[in-house]
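These notes are about the structure you will find just below.
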Amino acid sequence: MIEISRIREQKDEVVNGLKVRGLDVATEVEQILNLDKQWRTKKQEMDSALAEMNQISKEIGQLFQQGKKDEAEAAKQKTGELKERSQTLKTEFSDLEKQINDLLLNIPNVPNKLVPEGATEDDNEVVFEKGTIPTFDFNALPHWDLATKYDIIDWEMGVKVTGAGFPFYKNQGARLQRGLINFFLDEAIKAGYSEYVPPFVINEDSGYGTGQLPDKEGQMYQVTADNLYLIPTSEVPLVNTLRGDRVKKEDLPIKLTAYSPCFRREAGSYGKDVRGLNRLHQFDKVELVMASDQESSYQELDKMVEHVKGLLEKLELPYRILRLCGGDLGVTAAITYDFEVYSTAQERWLEISSCSNVETYQANRMKLRYKDEEGNTKLCHTLNGSALALPRVIAGILENHQDANGINMPKALVPYVGFERIQ
RNA sequence: GGAGAAUUGGCAGAGUGGUCGAAUGCGGCAGUCUUGAAAACUGUUGUGCGGCAACGUACCGGGGGUUCGAAUCCCUCAUUCUCCGCCA
């Protein structure tokens, strides 16, 4: 959630910044400022009414203690109207607060200056590209056929047991999955992240803290009996470990990593986009999360991007990095770098990681703060990135490292999976 | 799942419905003393919101209620501990 102070003090920057997303929030901003003005007036009215009430109550108390019961009773009579008035003021005050809050919740994060203007993914900016796309002199297969051919993923078994989008990994496929998780976690630990194993379900407050609620509850699986949600990414439990915290500046950045399955309903997705491993309802991911001070968050984002680059190079996959345009940027992000791996057989790029600086957007909601050198309380910046999402890594490995009768493992992965080749 | 006890400031721990934002101790910060440090002593020390400020207001696990007035009474939820049951 955007800070109200930012709208008060830098309204033009906010309005102009959001134009990059193709949004015009000029009217909303004016509405907020107007309500904010009313809110402040109401706050003063309410506070002085309460002050008056407190004063009278105190006097009544003193009268009782002095044994002047009649005077006290008389004073009680006078409070009725005042009490009613302060009740009304309280209601009006919280109504205003709610209105402002609702409007603020609907304003996405203001994009960083580097974010290109644009409406759709076609306007994303390719900022880096590496690796060679292999050419095959045999009939190269897409990963779903390779997976079936080498009996490492069973799609029908998943449909039978659960439904579409919940495949079983088997044999070398299961070991590949397990090896990748360990590989990614070890690399994250080497980069200074602390490893957590988080809960895979979260409560409402956590959903609100990271921004899944109140808008996107339809994208999460719900455990209605207990009012819990299956996590769509371990970013949610990881960032929420810091909810409401006041951290020491010298402890920043706080760097957390976790492996978790991710559950997404993906309502409305269909067709070739969801074929094979392209889009699943449950998939595994190793996530990176960081809380930093305001000054160094962009340097930390660069480090995170470097880390992910390193992973893809060790996996010997052709990839590119996109800077998302305003229209493609998620609501909470100020900037996002997407990593895409090339799917040789599908002849398309698959998103495999997304590294974002959310700045204060989550920290403001969850009141995650630190004190700077002058002793001023400031909101942290939070960052998150995938390192990496497993299914598309597997798709990439299968398709790019295939030959006529098998799939070669990248060297870095061999000690983790315990074999050099799937065949 | 059943029964009981508890939840107070960074921590520990008081708190009869009315000068309680909250005793006291520890810790923190500043100072005195000291060549320096420790000890001792003195002072100071929660957070949010509004306000130029004075100040006001809110916060004693969360939410609701009773009352002129709630940390204190009632309801409800959550969490922790003890006992019983069940169980990987």
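Chain letters run A, B, ... following the sequence lines, proteins first, then strands; residues in each count from 1.
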Distance between [atom1] atoms of [N] and [M] (Å, rounded):
{"N": "B:rC55", "M": "B:rA30", "atom1": "P", "value": "26 Å"}
{"N": "B:rU35", "M": "B:rC29", "atom1": "C1'", "value": "25 Å"}
{"N": "B:rA78", "M": "B:rG25", "atom1": "P", "value": "39 Å"}
{"N": "B:rU7", "M": "B:rC11", "atom1": "C1'", "value": "15 Å"}
{"N": "B:rG15", "M": "B:rG64", "atom1": "C1'", "value": "25 Å"}
{"N": "B:rA23", "M": "B:rA40", "atom1": "P", "value": "22 Å"}
{"N": "B:rG56", "M": "B:rG31", "atom1": "P", "value": "31 Å"}
{"N": "B:rA5", "M": "B:rG10", "atom1": "C1'", "value": "26 Å"}

Who does [N] pair with, Watson-Crick or G-U, both distances under 3.5 Å?
{"N": "B:rA70", "value": "none"}
{"N": "B:rU16", "value": "none"}
{"N": "B:rC83", "value": "B:rG2"}
{"N": "B:rA38", "value": "none"}
{"N": "B:rG27", "value": "B:rU45"}
{"N": "B:rC60", "value": "none"}
{"N": "B:rC33", "value": "none"}
{"N": "B:rA78", "value": "B:rU7"}

Can you tell me which nucleotide in [options] comes closest to the side chain of [X]?
{"X": "A:Phe64", "options": "B:rG56, B:rG18, B:rG69", "value": "B:rG18"}
{"X": "A:Arg369", "options": "B:rU57, B:rG48, B:rG51", "value": "B:rG48"}
{"X": "A:Asn54", "options": "B:rU57, B:rC68, B:rG50", "value": "B:rU57"}

Ignoring hydrogens and angles, state whether a donor on the side chain of [X] or [Y] is under 3.5 Å from an acceptor on the partner side chain.
{"X": "A:Gln212", "Y": "A:Thr210", "result": "yes"}
{"X": "A:Asn16", "Y": "A:Lys19", "result": "yes"}
{"X": "A:Asn203", "Y": "A:Ser206", "result": "yes"}
{"X": "A:Asp293", "Y": "A:Ser296", "result": "yes"}
{"X": "A:Tyr298", "Y": "A:Glu359", "result": "yes"}

[X] near the nucleic acid: base, sugar-phosphate alone, or nothing, with a heavy-atom cut-off under 4.0 Å?
{"X": "A:Thr377", "value": "sugar-phosphate"}
{"X": "A:Met46", "value": "nothing"}
{"X": "A:Ser57", "value": "base"}
{"X": "A:Ile60", "value": "base"}

For the residue pair A:Arg246 and A:Tyr370, would you count it as a cation-pi contact if the rule is NZ or CZ under 6.0 angstrom from the ring centre and within 45 degrees of the ring axis?
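Not flagged: A:Arg246 not positioned over aromatic ring of A:Tyr370.
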Looking at every heavy atom in both A:Thr257 and A:Glu287, which two are closest together, and how far apart are they?
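Result for this residue pair: OG1-O, 2.9 Å.
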Heavy-atom closest pair, residues A:Leu105 and A:Pro214
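Taking A:Leu105 first and A:Pro214 second, the nearest heavy atoms are CD1-CG, 4.3 Å.
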Given atom [atom1] of [X] and atom [atom2] of [N], what is their separation to the nearest angstrom?
{"X": "A:Asn101", "N": "B:rC49", "atom1": "CG", "atom2": "P", "answer": "14 Å"}
{"X": "A:Glu204", "N": "B:rG63", "atom1": "CD", "atom2": "P", "answer": "15 Å"}
{"X": "A:Lys371", "N": "B:rU47", "atom1": "NZ", "atom2": "P", "answer": "5 Å"}
{"X": "A:Lys76", "N": "B:rG17", "atom1": "NZ", "atom2": "P", "answer": "16 Å"}
{"X": "A:Glu73", "N": "B:rG69", "atom1": "CD", "atom2": "C1'", "answer": "13 Å"}
{"X": "A:Glu97", "N": "B:rG48", "atom1": "CD", "atom2": "P", "answer": "16 Å"}
{"X": "A:Lys43", "N": "B:rG51", "atom1": "NZ", "atom2": "P", "answer": "10 Å"}
{"X": "A:Asp205", "N": "B:rU79", "atom1": "CG", "atom2": "P", "answer": "12 Å"}

Earlier contact from the 5' end, RNA chain B, for A:Met53 and A:Gln62:
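The answer here is A:Gln62.
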Both A:Glu52 and A:Ile56 contact RNA chain B. Which one's nearest nucleotide lies toward the 5' end?
A:Glu52
Is a side-chain donor or acceptor of A:Asp145 paired with a backbone partner of A:Leu141 at a separation under 3.5 angstrom?
no
Let's see if you get this right: which residues in residues 31-39 of chain A place a heavy atom under 4.0 Å from RNA chain B?
A:Trp39
Can you sort out which residues in residues 237-246 of chain A have a heavy atom within less than 4.0 Å of RNA chain B? Ascending by number, please.
A:Arg246
Considering only heavy atoms and no angle criterion, is a donor-acceptor pair shorter than 3.5 Å present between the side chain of A:Lys83 and the base of B:rC68?
no
Angle class for the A:Tyr221/A:His281 ring planes (parallel below 30°, perpendicular above 60°, tilted otherwise)?
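Plane angle over 60°, so perpendicular.
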Which of parallel (below 30°), tilted (30 to 60°) and perpendicular (above 60°) describes A:Tyr319 and A:Phe128?
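Geometry flag for A:Phe128 against A:Tyr319: tilted rings.
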Would you find more than 12 non-hydrogen atoms of other residues, nucleotides or ligands less than 6.0 Å from A:Lys11 atom NZ?
no
More than 12 heavy atoms of other groups within 6.0 Å of A:Lys58 NZ
no
On the nucleotide B:rG56, are OP1 or OP2 found under 4.0 Å from the side-chain N or O atoms that A:Arg40 carries?
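No, A:Arg40 has no side-chain N/O under 4.0 Å of OP1/OP2 on B:rG56.
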